[in-house]
Amino acid sequence: MHIGLILLALAYVLSQFFRAFLAVLAKLLEQDIGATPDDLALASGMWFAAFAAAQIPIGAALDSIGPRRTAAGLLLLGGGGGAAVFALATSPLHITIAMTLIGFGCAPVLMASYYIFAREYPPMRFALLASVMVGVGSLGNLVASYPMALSAELLGWRNSLWGLGGLCALVALSIYLWVRDPAKVEGESKGSLAELFRLRALWFIFPLMGVNYALPGAVRGLWIGPYLTDVFGAGTSAVGVASLLMGTAMIAGTLFYGFVDRLFPSRKWMLAGGAMVTSFTTFAVILLPAHSLALSVGLICVIGFFGSGYAVIMAHGRSFLPPHLIGRGVTMLNLFSIGGVGILQFASARVYHNYAGTGDVVLPYAMVFVLLGSCLVAGLLVYLFSSDRTA
């Protein structure tokens, strides 16, 4: 792989890390600065909201100035700067501000890679390349689990964040030096969002894009820590191991979807089947939320595996995009994906808050899973009417 793509993959490792590490630090942040699960849900939601809000201008930037400057500039300012703010935090508000900045910084990284794949590789290879990039980047999910818990215990979470900020800056500068922008197509027309939304085939893909990753993303990025801690009394190390297992399942699921994409006669029904399994498993968690720690972690890992079809859903949408709309198109699809996570982070925080005062430790988390599972079912029902194009 070209060194530029390797650097973008490393940047995406950081992006995956930052969307998931709060769950491991939940207990430490509550002890040190009084950050409650509600506060962390808000901060995590702001990461996704900032990430999503940046997608539209990023799409235009990819089509105009290219992926090199777009990814390097935002990662340096948002990723490095946000990590520094986090390291200096003395209140939950500072965590929210830091996560917002980091969300902006991480926003262009994966889309820069997808833009290069779409412009420089055959369409039939997009799903596999996209899945491999997500799979490699998802190593950040693993680092955000037990290794982050260990680093926080040995070095302190503030020192760990300072190190991460320096790494963001180094990777951003390397991207600026080594990534090469794809050549412009001679006479290529300038696209617009209006033209993009005239592609009616995308309308049936956007809803599933908005909820498919939202469920495992919300669980892995936020709720797995408080859920296992409050319901089963799990400590930081146990939560770290559980997060590591779920992160591993998500990587395996991403690679599974990518490699079997060309073997299935129907991309649509492969994705629909995976979403159905994820839905059934989510409702199993709802029915047996406190049966045993091992069962709950196992079910969460199944959710992580079968809920990792993001890259292939992206490939399904990309198959309808003309060359001049690739930048805007892939970032709009990503906006729905990441925006869906952000919205459900906020909504799940509200659901948790509404039921937290009942005196029942299990009920707030069961209702969070009800919300996430119901949204996935709704998105799946719309997706069943999509066109089954697999190019």
#### Entry: Verdict with supporting geometry, His316 and Ser386, side chain to side chain contact (heavy atoms under 4.5 Å, CB included)
CA-CA 10 Å; His316 192 185; Ser386 66; 3.8 Å; yes
#### Entry: Phe280 CZ: over 12 foreign heavy atoms closer than 6.0 Å
no
### Task
List the atom of Val171, the atom of Ala11, and the distance in Å for their closest heavy-atom pair.
CG1-CB, 3.9 Å
### Task
Answer yes or no: does atom OH of Tyr355 have more than 12 heavy-atom neighbours from other residues, nucleotides or ligands under 6.0 Å?
no
### Message
Determine whether Leu196 and Leu321 satisfy the following criterion, side chain to side chain contact (heavy atoms under 4.5 Å, CB included), listing intermediate values before the conclusion.
### Response
CA-CA 8 Å; Leu196 177 67; Leu321 298 173; 3.6 Å; yes
### Query
Do Met246 and Val297 belong together in a cluster built from hydrophobic side chains that touch within less than 4.5 Å?
yes
### Query
In Å and rounded to the nearest 0.5 Å, what is the CD1 to OG1 distance from Ile33 to Thr90?
7.5 Å
### Query
Atom OG of Ser44 and atom CG of Leu222: how far apart are they, to the nearest 0.5 Å?
5.0 Å
### Task
Just do the side chain to side chain contact (heavy atoms under 4.5 Å, CB included) check on Val377 and Phe283 with the steps written out, would you?
CA-CA 11 Å; Val377 170; Phe283 287 103; 4.0 Å; yes
### Pairwise ring-ring contact (aromatic ring centres under 6.0 Å, His included) hits with a residue in residues 28-85, at least two apart
Trp47-Phe51
### Query
Going from SG on Cys168 to CG on Leu75, what distance comes out if it is rounded to the nearest 0.5 angstrom?
5.0 Å
#### Entry: Side chain Thr96, main chain Pro92, donor-acceptor under 3.5 Å
yes
### Task
Walk me through it: do Ile205 and Phe336 pass the test side chain to side chain contact (heavy atoms under 4.5 Å, CB included)?
CA-CA 10 Å; Ile205 299 174; Phe336 274 84; over 6 Å; no
### Query
Below 4.5 Å, heavy atoms only, C-beta onward: do Tyr310 and Leu271 meet side chain to side chain?
no
### Query
Are side-chain heavy atoms of Pro322 and Leu325 found at a separation under 4.5 Å?
yes
### Flag, side chain of Lys268 to backbone of Ser387, donor-acceptor distance under 3.5 Å
no
### Query
Heavy-atom distance under 4.5 Å between the side chains of Phe17 and Ile102, does that happen here?
no
#### Entry: Listed partners of Thr36 passing side-chain hydrogen bond (donor to acceptor under 3.5 Å, both in side chains), at least two apart
Asp39
### Task
Before accepting this row, confirm whether a basic side-chain N of the pair Asp388/Arg267 lies closer than 4.0 Å to the acidic partner's carboxylate O.
no
### Message
Using every non-hydrogen atom in the two residues, find where Leu22 and Leu29 come nearest and quote the distance to one decimal.
### Response
CD2-CD1, 4.0 Å
#### Entry: Considering all heavy atoms, the nearest Gly307-Thr278 contact
N-OG1, 3.4 Å
### Query
Heavy atoms, side chains only, cut-off 4.5 Å: are Arg220 and Arg19 in contact?
no
### Task
Check for a donor-acceptor pair, side chain of Asn159 on one end and backbone N or O of Leu155 on the other, with a separation under 3.5 Å.
yes
### Message
Can you tell me how far apart CE (Met270) and CD1 (Ile313) are? Round to the nearest 0.5 Å.
### Response
9.0 Å
### Message
Distance check, rounded to the nearest 0.5 Å: Ile97 atom CD1 versus Leu93 atom CG?
### Response
4.0 Å
### Query
Distance-only, no hydrogens or angles: does the Ser308 side chain make a donor-acceptor pair with backbone N or O of Met250 under 3.5 Å?
yes
### Query
Mind checking whether Phe117 and Tyr121 have parallel, tilted or perpendicular rings, split at 30° and 60°?
perpendicular
### Query
Is there a path of hydrophobic side-chain contacts, each under 4.5 Å between heavy atoms of I, L, V, M, F, W or Y residues, that connects Phe369 with Met276?
yes
### Query
Do Phe18 and Leu101 belong to the same hydrophobic cluster, where Ile, Leu, Val, Met, Phe, Trp and Tyr are linked whenever their side-chain heavy atoms lie under 4.5 Å apart, directly or via other members?
no
### Task
Give a yes or no on whether the backbone of Phe346 and the side-chain of Arg350 come within a donor-acceptor separation of less than 3.5 Å.
no
### Message
Hydrophobic cluster membership, with links at side-chain heavy-atom distances under 4.5 Å among I/L/V/M/F/W/Y: are Val179 and Leu10 in one?
### Response
yes
### Message
Give me the atom names and distance for the closest heavy-atom approach of Ala275 to Leu380.
### Response
CB-CD1, 4.0 Å
### Message
Looking at every heavy atom in both Asp38 and Ala349, which two are closest together, and how far apart are they?
### Response
OD2-O, 4.4 Å
### Check: Asp230 side chain, Val361 main-chain N or O, donor-acceptor pair, under 3.5 Å
no
### Query
Just by distance, do the side chain of Arg119 and the backbone of Pro182 share a donor-acceptor pair under 3.5 Å?
no
### Message
Quick check for you: to the nearest 0.5 Å, what is the distance between Leu40 atom CG and Met99 atom CE?
### Response
9.0 Å
### Expected output: side-chain Arg68 to main-chain Tyr176 donor-acceptor under 3.5 Å
yes
### Query
Are Ser348 and Met367 side-chain neighbours, meaning at least one heavy-atom pair lies under 4.5 Å?
no
#### Entry: Linked, directly or transitively: Leu167 and Met148 (ILVMFWY side chains, under 4.5 Å)
yes
### Note, Val285 side chain near Ile303 side chain (heavy atom, < 4.5 Å)
yes
### Query
Heavy atoms, side chains only, cut-off 4.5 Å: are Leu344 and Cys375 in contact?
yes
### Message
So Trp269 and Phe264, do their side chains get closer than 4.5 Å, heavy atoms only?
### Response
no
### Task
Please list, chain by chain and in numerical order, all residues satisfying ring pair (Phe, Tyr, Trp, His ring centres under 6.0 Å) with Tyr365, sequence neighbours excluded.
Tyr227, Tyr352
Just distance, no hydrogens or angles: give the donor-acceptor pairs under 3.5 Å from side chains in residues 123-140, sequence neighbours left out.
{"unit_1": "Ser131", "atom_1": "OG", "unit_2": "Ala127", "atom_2": "O", "d": "2.8"}
{"unit_1": "Ser138", "atom_1": "OG", "unit_2": "Val134", "atom_2": "O", "d": "2.7"}

### Task
Name all pairs fulfilling the ring-ring contact (aromatic ring centres under 6.0 Å, His included) condition that reach into residues 61-104, sequence neighbours left out, sorted by first residue then second.
Phe21-Phe86, Phe86-Trp157
### Message
When you measure from the side chain of Ser374 to the backbone of Leu371, do you find a donor-acceptor pair of N or O atoms at a distance under 3.5 Å?
### Response
no
### Query
For the side chain of Tyr115 and the backbone of Leu110, is there at least one donor-acceptor N/O pair under 3.5 Å apart?
no
#### Entry: Polar side chain donor-acceptor pair, Asn334 to Tyr213, under 3.5 angstrom
no
### Query
Which residue pairs satisfy the ring-ring contact (aromatic ring centres under 6.0 Å, His included) criterion with at least one member in residues 53-78, sequence neighbours excluded?
none
### Task
Please name the pair of heavy atoms, one in Leu333 and one in Arg318, separated by the smallest distance, quoted to 0.1 Å.
CD1-N, 4.1 Å
### Message
Check for me whether the distance between the ring centres of His291 and Phe232 falls short of 6.0 Å.
### Response
no
